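Right, one structure below, let's go through it.
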Amino acid sequence: MAINVKVLDRPIPQTSYVRATISGMALTLKHLLDRDKVTIQYPEQKLGVSPRWRGTHRMLTTEDGKAKCVACGLCPTVCPSNCIKLVPGEDENGNRYPLLFEIDEFRCIFCGYCQEVCPEEAIHVGRHYENSEYSREGFVYDLERLMSQTHPVCEMWDPADPKGE
Ligand code: SF4
Ligand code: SF4
């Protein structure tokens with residue numbers, strides 16, 4: 001069986017490397033001469049983050065300094081990354097509380113489901129991003145560490161106010 005070879009004409013105006021190179025260099029030159037600087041001197045200078053920023057978690061506390069969590073188990077159930085560890089306990093009055101509550105910030109994808117589902121508004125994603133560590137273990141936040149966070153918490157998206165106004 002004969003094999004037919006079809007030779008196509010290369011559309012030079014659209015595929016010219018010279019043209020693309022000149023256009024790229026022109027763009028670079030334009031930005032070189034651009035007087036509006038977009039870089040900042042981090043960490044001395046910082047940009048504010050959106051009220052909807054979802055970063056480092058924070059566990060809110062009651063007036064007497066206890067975690068607001070009632071160990072209902074909803075957040076570890078809903079978490080798509082399986083990064084929340086909860087061991088529930090119960091006091092002599094039948095009140096539930098977390099014996100162990102940990103979030104692995106390294107595995108977390110900051111979806112915010114835990115905040116959305118929490119019936120006590122206890123666990124929140126926070127408007128915070130400076131949480132680098134030297135080891136993976138360092139990213140595992142226990143209850144005490146979650147309670148000691150002081151950064152503002154995320155204002156989740158409200159369908160009644162889609163633009164956040
Ligand atoms: S933000 Fe999402 S991924 Fe992170 S702990 Fe909460 S539910 Fe899990
Ligand atoms: S959803 Fe809220 S109350 Fe329930 S286990 Fe999670 S943090 Fe605690």
Side-chain angles (χ1 to χ4, degrees), residues 20 23-24 27-28 30-32 34-165:
S23 138
L27 185 65
T28 306
K30 178 175 166 274
H31 285 294
L32 270 178
D34 201 346
R35 302 229 170 251
D36 291 336
K37 290 193 172 63
V38 292
T39 51
I40 60 162
Q41 298 302 313
Y42 180 85
E44 289 80 21
Q45 287 177 294
K46 290 176 193 175
L47 293 174
V49 293
S50 160
R52 291 178 185 166
W53 180 272
R54 299 193 297 259
T56 317
H57 287 80
R58 183 177 163 192
M59 172 68 76
L60 297 193
T61 53
T62 57
E63 281 179 5
D64 53 357
K66 291 184 182 148
K68 287 177 84 176
C69 174
V70 294
C72 69
L74 281 176
C75 60
T77 304
V78 80
C79 176
S81 304
N82 199 18
C83 64
I84 304 178
K85 196 186 279 181
L86 168 72
V87 177
E90 201 171 296
D91 67 15
E92 58 283 357
N93 300 317
N95 298 318
R96 288 169 65 94
Y97 67 95
L99 277 174
L100 182 141
F101 189 99
E102 284 178 359
I103 298 184
D104 186 342
E105 300 283 324
F106 199 81
R107 288 186 61 171
C108 173
I109 56 166
F110 301 101
C111 63
Y113 286 178
C114 49
Q115 175 171 336
E116 287 201 51
V117 81
C118 181
E120 300 295 319
E121 298 191 349
I123 193 69
H124 292 261
V125 274
R127 281 140 69 180
H128 180 264
Y129 53 89
E130 293 170 302
N131 55 354
S132 52
E133 296 287 345
Y134 288 104
S135 68
R136 292 196 66 153
E137 294 72 37
F139 285 100
V140 179
Y141 282 45
D142 63 10
L143 189 59
E144 198 180 331
R145 193 169 172 194
L146 288 165
M147 286 164 62
S148 68
Q149 304 298 315
T150 53
H151 52 261
V153 299
C154 168
E155 291 172 21
M156 299 302 275
W157 184 72
D158 178 0
D161 178 20
K163 289 188 178 170
E165 291 164 349

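Position 1 is the first residue of the sequence, and the numbers go up from there. Side-chain atoms are counted along with the backbone in the values below, which use heavy atoms only and exclude waters and symmetry mates. These figures come from a predicted structure and were not determined experimentally.
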What distance separates [X] [atom1] from [Y] [atom2], expressed to the nearest 0.5 Å?
X	Y	atom1	atom2	value
M59	C118	CE	SG	7.0 Å
Y141	M147	OH	CE	15.5 Å
L47	I40	CG	CD1	4.0 Å
N82	C108	CG	SG	12.0 Å
C72	L86	SG	CG	8.0 Å

For [X] and [Y], work out which heavy atoms get closest and say how close.
X	Y	answer
L74	P119	CD1-CD, 4.0 Å
T62	A67	CG2-O, 4.5 Å
P88	L99	O-CD1, 3.7 Å
C83	R107	CB-CB, 3.7 Å
K46	P43	CE-O, 3.3 Å
I109	P80	CD1-CG, 3.9 Å

Return yes if some donor-acceptor pair links the side-chain N/O of [X] with the main-chain N/O of [Y] below 3.5 Å, else return no.
X	Y	value
H151	T56	yes
R58	Q149	yes
Q115	C154	yes
D91	N93	yes
R127	V49	no

Has [X] got more than 12 heavy atoms of other residues, nucleotides or ligands less than 6.0 Å from its [atom1]?
X	atom1	value
Y113	OH	no
E130	CD	yes
E63	CD	no
Q45	CD	yes
K68	NZ	yes

Please assess V125 against M156 for the test side chain to side chain contact (heavy atoms under 4.5 Å, CB included), listing each intermediate value before the final yes or no.
CA-CA 9 Å; V125 274; M156 299 302 275; 4.3 Å; yes
Indicate yes or no: at least one non-hydrogen side-chain atom of [X] is less than 4.5 angstrom from one of [Y].
X	Y	result
E121	L60	no
C75	F101	yes
H57	E105	yes

Is a salt bridge present between R96 and E120, judged by a nitrogen-to-oxygen distance below 4.0 Å?
no
Given I123 and I84, is the side chain to side chain contact (heavy atoms under 4.5 Å, CB included) satisfied, shown in steps?
CA-CA 11 Å; I123 193 69; I84 304 178; 6.0 Å; no
